[in-house]
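Worksheet: one structure, shown below.
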Amino acid sequence: MTESKPTRDMLKAYDPQKVEAPLYQMWMDGGYFKPAPGEGREPFCIIMPPPNVTGELHLGHALTATIEDTLIRWHRMLGDPTLWLPGVDHAGIATQNVVEKQLAKEGVDRHDLGREQFEERVWQWVRQIRSRISTQHMRLGASADWGREVFTLDEGPQRAVRETFHRLYNDGLIYRGERIINWCPRCQTALSDLEVDHEETKGSLWYVRYPLLDGDGNVTDEYLVVATTRPETMVGDTAIAVNPADDRWRRIVGRTALLPVIERHVPVIADEAVETEFGTGAVKVTPGHDPTDFEIGKRHGLPEIVAMDKEARMNEHAGPLAGLDRFEARKVILADLERMGLLEKRVDHSLAVGHCSRCDTVVEPIISMQWFINMQPLAGPAIAAVRDGRIEIIPRRFERVYMHWMENIRDWCISRQLWWGHRIPVWYCGDCGGQIVAVEDPAECPKCSGKTLEQDPDVLDTWFSSGLWPFSTLGWPAATPDLRYWYPTAVLETGYDILFFWVARMIMLGLYDMGDVPFRHVYLHGLIRDAEGRKMTKSRGNVVDPLDLTEKYGTDAVRFTLATSGTPGNDFRLFDERLESSRNFANKLWNAARFVIQSMGDEAVGMPQEGRTVAERLDWPLEDRWIVSRSIRVAAEVNQLLGDFQINEAGRVLYDFVWSEYCDWYLEMAKVRLKDGDTSPLPILAYVLQKSLRLLHPIMPFVTEAIWQHLRGHVEGLEDALIIAAFPLGEEELDPAAEEDAGALMDVVRAIRNIRAERGVDPARFVEAYVSADGTRPVLESGRQIVEVLARVRPLRVISNAKDAPSTQVASAVLSHAQVIVPLAGLIDIDAERGKLTRQLHEAQGEVNRLQQKLANEQFRSKAPENVIAREEEKLAVARSRVEGLEGRLAELG
RNA sequence: GGGCGAUUAGCUCAGUUGGUUAGAGCGCAGCGUUGACAUCGCUGAGGUCGUAGGUUCAAAUCCUACAUCGCCCACCA
């Protein structure tokens, strides 16, 4: 293709707002987000957790997008066929609530509109939000294959839902029945156990007397005291229960008590579930309004009385309480009991009250006809999949959490009395009363051919369709090539807060429908908190819009911050300072590139052709060998870290390499030659720069691509776009000798700078310096110019013996491989100098002693691995030479 | 009631099979603006790795207990 000469005038500061949108467009136009075939390489697929259509994306989504995009871009650059499949979730109850709130502002409720119109109203909302969500993802740089975006209510997923329901039903795993469920009186629907948040609440425990009856049903003087936190549910009592092993109560088991207020006769029964320690050891049994009591009731065949309506108002079974709100009813019945002399006492008691996770209303346990999935048969294979490693959860500790939940799993109430969602694919025949479960809408009753069919009005829990997501998005139940190729997917990445809601169910349903796990790795990220460590919530008003951040700091800065602020599974706080530092990093990279490009002539620079082995690099200048070796090491580390999902560490390694090594040292070293008109560092500058861009691109796609496009006209052999450029693997040969030698050289520079700073030498002034360095002498000879320029030394005298340097009016430093002596007439305080050297000598001597002891230890000698011993010996040698050097310096001082 | 996480520099956090003198960012102190970057550079100060035991040649890292904070799960009504 034709190389257009890109402009060399890069802006002085990186301006994200100028480059991001055009670059994203360029990637889209290039079709780079679509999977490319990769010969013999394993496909890499991530199904994006579908954001709810309840509103804008929040920081959690930005974190998800950053982590997933990083992995996706990395694999794409590795040459793997890579698919990131985006989607959106209809989010049944949550979305319905959002739209209902809007309606409330208009003074209407959904019943005023009717089901059809209400649904249309929700669809309007969905259309609006969906495009906003995709746009936001694009602003974050998400390289998802937008052409495949799926919505949970699309035809495909709808089909998957019906198919799965049908299969589960036929296998006897879905059933309909009257069970006690969690009812939200505000949302007016059943909830699953997971949708109930338990809040520790200070409440009361009331001790109520229940008179006992004699054999003829007459009230006696005897009574029984039961403790309850919910006196209003008394009206639904159908028994009193005590523990069968409780001697205090054994004699009254079998007798009958009189339920106060209602005056119902209830039996005293014995059941193991009753704790003898609690209250008086006797409890009221209310099967209609308490899960435990429901179980007791089943065991003893007790009547079940539901004494509340859908809004949790007391109903006709509540006697004198009928028509009262449940909390009002509590007050009334307590007053009645008090008046009747049946309220013995009240004590403080704290209890966990269930609240609707969507609207925070106190949930009412209530008996209701609902659809359930029998989970135990599904949980078994899902437990096995994690246990035998077919699925790995990162971090590993969540595997235990997962196991615990799975092993104690309870049936899942999947029906919701909502209008927004997947309608339950069950029809009831008006003629024969038959129940039809079908994938396609039935035209007539298969039993009686009746035509008056009515579909179940309820919808499914929104997580039912989410549970099918890894394969419903790929075409299941159709046997599509996509499904065959991409399933099981590689990684499922999401917050740990939806491990049970979503991850666990995908695993169970994936195994059930597909016969294979839905993904190999589950990566769980932590929650983002505000700078004070608080959870971000709308009510607290501390929610941060990720797009505000990208506007302020640039997308790459936001991504880098999110990617490096925390470790898998741990919450982290978001700080402005951190974002600033990330923004500065992007700018640093930009300016380093600007310098490199400006240093180049009109001729495109070729990068070093040789260099895979150290032998090919031996005649290069030391600093070139050093930075190239470091870049190889860093590339290898980054691949390793990304493979281990340690994105934060990978980011840190790259930050340090680019800033502290490439910019702070190599660029400055290269300038020494460049200033002399020597262009020989250019190929290395270009080589390390483009390599750094490749390595950073997955985390910081915009600034790296922007630089790449500038660089392309100046450097030969760069791919058209960084997004599809090859990722460096770091497989070339390392050059440890160069790394060590360059390290020694930098130590000398640092030591001289230190001396200058401590003595207050005028920064402009050149100083004379002596370096005695036996082993590193050739290094210093060849690096003389670097030391002279970077430490402002003139001249640098490399000597073989420290004694050959002046001994008066000098400042000195003893390094592991060299001694530095800087004559500074008039600036030296001998006492201070002596004090400093003496202190260092003490430290060094201590080090020598410690190492000597360690090495003299027979246990250590015999048990520690050889390389550890060798390293300790090397350390001892270094420490000894340092001691000698320091003693020498002190002797010179006199 | 069970379980999990955190506790490392002034602040926020890294530190993944136990093995240099425990690191970074920000902040702080001193110095520095003649062409990459003040969104910068140089130099530096700052930590008995929560406490107490234990295992080990060797512990921030493994084990036990405890403390503080946070979270999850749970049918003592």
Side-chain angles (χ1 to χ4, degrees), chain A residues 10 12-14 180 193 198 205 226-230 233 241 273-279 283-286 290-296 349 351-352 365 395-398 400-401 404-405 408 496-497 499-500 526-527 531 533 553 557 564-567 569-578 580-599 644 646 648-649 652 655-656 660 663-664 667-668 671 750 753-758 760-764 790 843 846-847 850-851 854 857-865 867-869 871-872 874-875 878-879:
Chain A
M10 293 169 70
K12 190 168 174 181
Y14 172 58
I180 194 147
D193 295 335
H198 293 276
L205 190 59
V226 305
T228 178
T229 57
R230 303 203 52 204
T233 65
V274 179
E275 289 287 334
T276 54
E277 305 300 315
F278 186 84
V283 299
K284 62 199 259 320
V285 180
T286 321
D290 183 279
T292 312
D293 295 2
F294 178 79
E295 297 296 327
I296 295 174
H349 183 71
L351 65 163
R396 289 303 274 264
R397 63 187 146 89
F398 281 101
R400 282 191 60 188
V401 180
H404 183 259
W405 188 75
N408 296 285
Y496 64 74
D497 51 328
L499 177 61
F500 307 141
L527 270 37
Y553 301 103
T564 59
S565 284
T567 42
N570 290 327
D571 296 354
F572 65 90
R573 305 184 190 193
L574 188 71
F575 286 89
D576 287 343
E577 289 85 351
R578 189 108 192 181
E580 282 167 18
S581 129
S582 301
R583 175 201 58 194
N584 296 353
F585 180 46
N587 188 60
K588 185 76 180 176
L589 186 62
W590 176 264
N591 272 289
R594 198 161 72 94
F595 170 75
V596 170
I597 290 173
Q598 279 173 349
S599 304
D644 290 343
Q646 289 188 264
N648 61 316
E649 278 295 290
R652 192 189 56 76
Y655 181 99
D656 287 346
S660 309
C663 293
D664 285 350
L667 242 55
E668 297 306 317
K671 282 177 187 172
R750 248 190 294 260
R753 283 171 168 174
N754 180 358
I755 285 169
R756 296 179 59 115
E758 279 190 351
V761 177
D762 179 350
L790 299 192
E843 280 169 24
E847 176 78 356
R850 194 180 62 81
L851 289 164
K854 190 171 191 178
N857 185 339
E858 265 317 305
Q859 298 277 21
F860 176 70
R861 285 244 173 239
S862 57
K863 288 183 181 167
N867 62 325
V868 172
I869 294 173
R871 211 180 317 157
E872 296 296 305
E874 166 67 18
K875 272 155 60 183
V878 168

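Chain letters run A, B, ... following the sequence lines, proteins first and then strands; every chain starts at 1. In what follows, every heavy atom counts, from backbone to side chain, and hydrogens, waters and symmetry copies are set aside. Because the structure is a prediction, the values reported are computed rather than measured.
- The residue A/E577 sits close only to the backbone: its heavy atoms come under 4.0 Å of sugar-phosphate atoms, none of a base.
- For the pair A/Y14 and A/H198, nearest-nucleotide mapping onto RNA chain B gives the more 5' position to A/Y14.
- A/R400 has its CZ atom 18 Å from the P atom of B/C72, to the nearest Å.
- Heavy atoms of A/F500 sit under 4.0 angstrom from primed sugar atoms or phosphate atoms, though from no base atom.
- For the atom pair CG (A/N587) and CZ (A/R594), the distance works out to 9.0 Å, reported to the nearest 0.5 Å.
- Closest to the A/P865 side chain, of the nucleotides B/C4, B/G19, B/A77, is B/G19.
- Within 4.0 Å of A/E277, counting heavy atoms only, lies no atom of the nucleic acid at all.
- In this structure, A/A593 reaches neither bases nor backbone, as no heavy-atom distance under 4.0 Å exists between it and the strands shown.
- Contacts of A/L527 with the nucleic acid, taken as non-hydrogen atoms under 4.0 Å apart, are absent.
- If you check every strand for non-hydrogen atoms under 4.0 Å, A/R750 touches sugar and phosphate atoms only.
- Note that CG of A/L574 and OG of A/S565 are 6.5 Å apart. Values are rounded to the nearest 0.5 Å.
- Note on A/N867: every side-chain N or O is 4.0 Å or more away from OP1 and OP2 of B/G19.
- Base contact: A/V283 has a heavy atom under 4.0 Å from a base atom.
- Not less than 6.0 angstrom separates the ring centroid of A/H404 from the ring centroid of A/F398.
- Using a 4.5 Å cut-off on side-chain heavy atoms (C-beta onward), A/L205 and A/F278 make contact.
- Counting only heavy atoms from C-beta on, A/K875 has its side chain closest to B/U21 among B/U21, B/G44, B/C37.
- Among the protein residues, A/T564 comes within range of no part of the nucleic acid, since none of its heavy atoms lies under 4.0 Å from any strand.
- Atom-to-atom distance recorded for A/S581:OG and A/D576:CG is 12.0 Å, nearest 0.5 angstrom.
- If you check every strand for non-hydrogen atoms under 4.0 Å, A/K671 touches a base.
- The partner of B/A45, taking Watson-Crick or G-U wobble pairs whose two distances both stay under 3.5 Å, does not exist in any strand shown.
- Residue-level contact check: A/D571 touches neither bases nor backbone, having no heavy atom under 4.0 Å from any strand.
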